[in-house]
Amino acid sequence: MTAIGTLRNTSKDTLRDVLTRLQTEGAALGHFNVSDHVLLKAVVAAAAETRLPVLIGASEGEREFFGARQLAALVKSEREESDLPIFLNADHTHSLAKALEAAKAGFDAVTIDFSALPFEENVARTKEAAQAIKAVNPAILAEGEIGDIGTGSEIKDTAQGGKLSTPEEARQFVEATGIDNLAPAVGNMHGMLKSMVQGKAKKHLDLERIAQIKQAAGVFLTLHGGSGTDDEHFRKAIAAGINIIHINTELRVAWRESLDKSLARDPNEVVPYKILRPVVDSVRQVVSSRLRLFHGQSVSADTVGSVA
Ligand code: G3H
Ligand code: ZN
């Protein structure tokens with residue numbers, strides 16, 4: 001039997017095509033954040049290895065470090081060369097100016113994030129940004145966020161977030177803003193606790209809430225804060241209506257640990273590509289493993305959940 005998501009993936013597909021197809025197949029699109037070329041190479045290598053679509057993400061901070069236009073140019077070139085559906089999202093965008101900058105640079109999607117504001121203000125500013133980016137590129141996907149899942153893809157001492165989204169506010173928010181994707185708070189959290197990095201604890205999601213929000217919102221749903229989530233909860237969340245899953249901290253942990261190891265291997269090594277090649281490889285393994293899980297393929301226990 002052919003694994004789901006491995007057929008008909010080409011660079012000609014639009015992001016909306018891919019999301020629609022994956023939804024019917026019961027799979028989710030993996031979204032992986034990058035802040036440098038090593039991480040970008042790793043995500044592209046995982047897409048090539050698995051022949052599965054990927055959404056590359058860069059937050060405002062990551063874009064500032066990489067260069068929004070430079071990242072867009074690299075992703076375009078990877079997409080053309082590989083003929084794979086590789087997309088680019090302007091993750092956690094907190095201003096109209098930054099949303100417009102990303103749309104003009106050629107990003108396929110923007111995560112418009114005014115979730116820290118009161119609900120009515122979040123609605124007004126999300127609607128304004130969604131309309132503005134669609135005026136630049138009508139095919140761009142606008143994502144809006146509600147609820148509180150904390151901030152920062154980092155290793156944390158204590159859990160963050162708290163206010164879970166309700167189906168009613170999801171319905172109102174989507175109706176009032178005209179967004180294409182909704183990112184709700186459903187038990188997810190940005191970043192990982194130390195116990196999660198060590199593989200001793202996992203994030204668990206409110207699966208019933210996801211199903212209710214999906215029904216009320218009627219749009220694509222994005223799960224932020226995916227790192228450290230229990231595999232079975234990922235599978236059930238996709239079945240309940242999640243279409244895009246964001247993973248960042250797991251990649252950063254793999255990046256840091258493999259870089260430390262690579263540097264320690266030979267203190268006299270100064271050739272960057274010799275030091276960095278194992279880092280690309282180690283991050284690629286994490287991405288491939290998550291991609292396979294999101295597409296209902298079997299995953300070996302030695303990669304997922306063992307990033308520590
Ligand atoms: O937008 C980025 C993600 O939500 C990543 O969250 O670092 O917990 O995987 P994570
Ligand atoms: Zn996020």
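Heavy-atom basis, side chains included; hydrogens, waters and symmetry copies ignored. Everything numeric here is computed off the predicted structure, so don't read it as measured data. In listed order, ligands and their atoms are each counted from 1.
- Taking 4.0 Å as the cut-off between side-chain N and carboxylate O, Arg235 and Glu232 count as a salt-bridged pair.
- Contacts between Lys203 and ligand 1 below 4.0 angstrom, taking non-hydrogen atoms only, involve the side chain exclusively.
- Closest approach between the Zn ion (ligand 2) and any N/O/S atom of His92 involves NE2.
- Looking at Leu291 and Phe32, their side chains come closer than 4.5 Å, going by heavy atoms from C-beta outward.
- Protein heavy atom nearest atom 3 (C) of ligand 1, with residue, atom name and distance: His246 CB, 3.3 Å.
- Formation of a donor-acceptor pair under 3.5 Å by the Lys274 side chain with backbone atoms of Glu269 is not found in this model.
- In this structure, the side chains of Ser82 and Ile86 come closer than 4.5 Å at one or more pairs of heavy atoms.
- Considering each of Ser153, Gly225, Gly226, the one bringing a non-hydrogen atom nearest atom 4 (O) of ligand 1 is Gly225.
- A donor-acceptor contact closer than 3.5 angstrom links the side chains of Asn248 and Ser153.
- Asn89 and Thr111 share a side-chain donor-acceptor pair at under 3.5 Å.
- Both the backbone and the side chain of Thr249 come within 4.0 Å of ligand 1, counting heavy atoms alone.
- For ligand 1, none of its N or O atoms has an N or O atom of His31 under 3.5 Å away.
- Checked by atom type, the side-chain pair Asn181/Asn243 shows no donor-acceptor distance below 3.5 Å.
- Looking at Asn33 against ligand 1, only its side chain comes within 4.0 Å, counting heavy atoms.
- Comparing heavy-atom distances from atom 9 (O) of ligand 1 across Gly57, Gly228, Gly152, Ser227 singles out Ser227 as nearest.
- In terms of protein heavy-atom proximity, atom 8 (O) of ligand 1 is closest to Gly191 N, 2.9 Å.
- Residue contact check: His224 has heavy atoms under 4.0 Å from atoms 1 (O), 4 (O) of ligand 1.
- Side-chain N or O atoms of Glu60 include one that pairs as donor or acceptor with a backbone N or O of His94 at under 3.5 Å.
- A donor and an acceptor atom, one from each side chain of Glu62 and Ser59, are located under 3.5 Å apart.
- Looking from atom 2 (C) of ligand 1 to the surrounding protein, the closest heavy atom is Asp91 OD2, 3.2 Å.
- The Ile247 neighbourhood of ligand 1 comprises atoms 9 (O), with distances under 4.0 Å to a heavy atom of that residue.
- Under the 4.0 angstrom criterion for non-hydrogen atoms, Met189 is in contact with ligand 1.
- For Glu62, the closest heavy-atom approach to ligand 1 does not fall below 4.0 Å.
- Ring geometry, His246 versus His92: the interplanar angle exceeds 60°, so the pair is classed perpendicular (tilted spans 30 to 60°).
- Between the Zn ion (ligand 2) and the N, O or S atoms of His224, the shortest distance is to ND1.
- The contact set between ligand 1 and Asn248, taken as ligand atoms under 4.0 Å from a residue heavy atom, comprises 5 (C), 7 (O), 9 (O), 10 (P).
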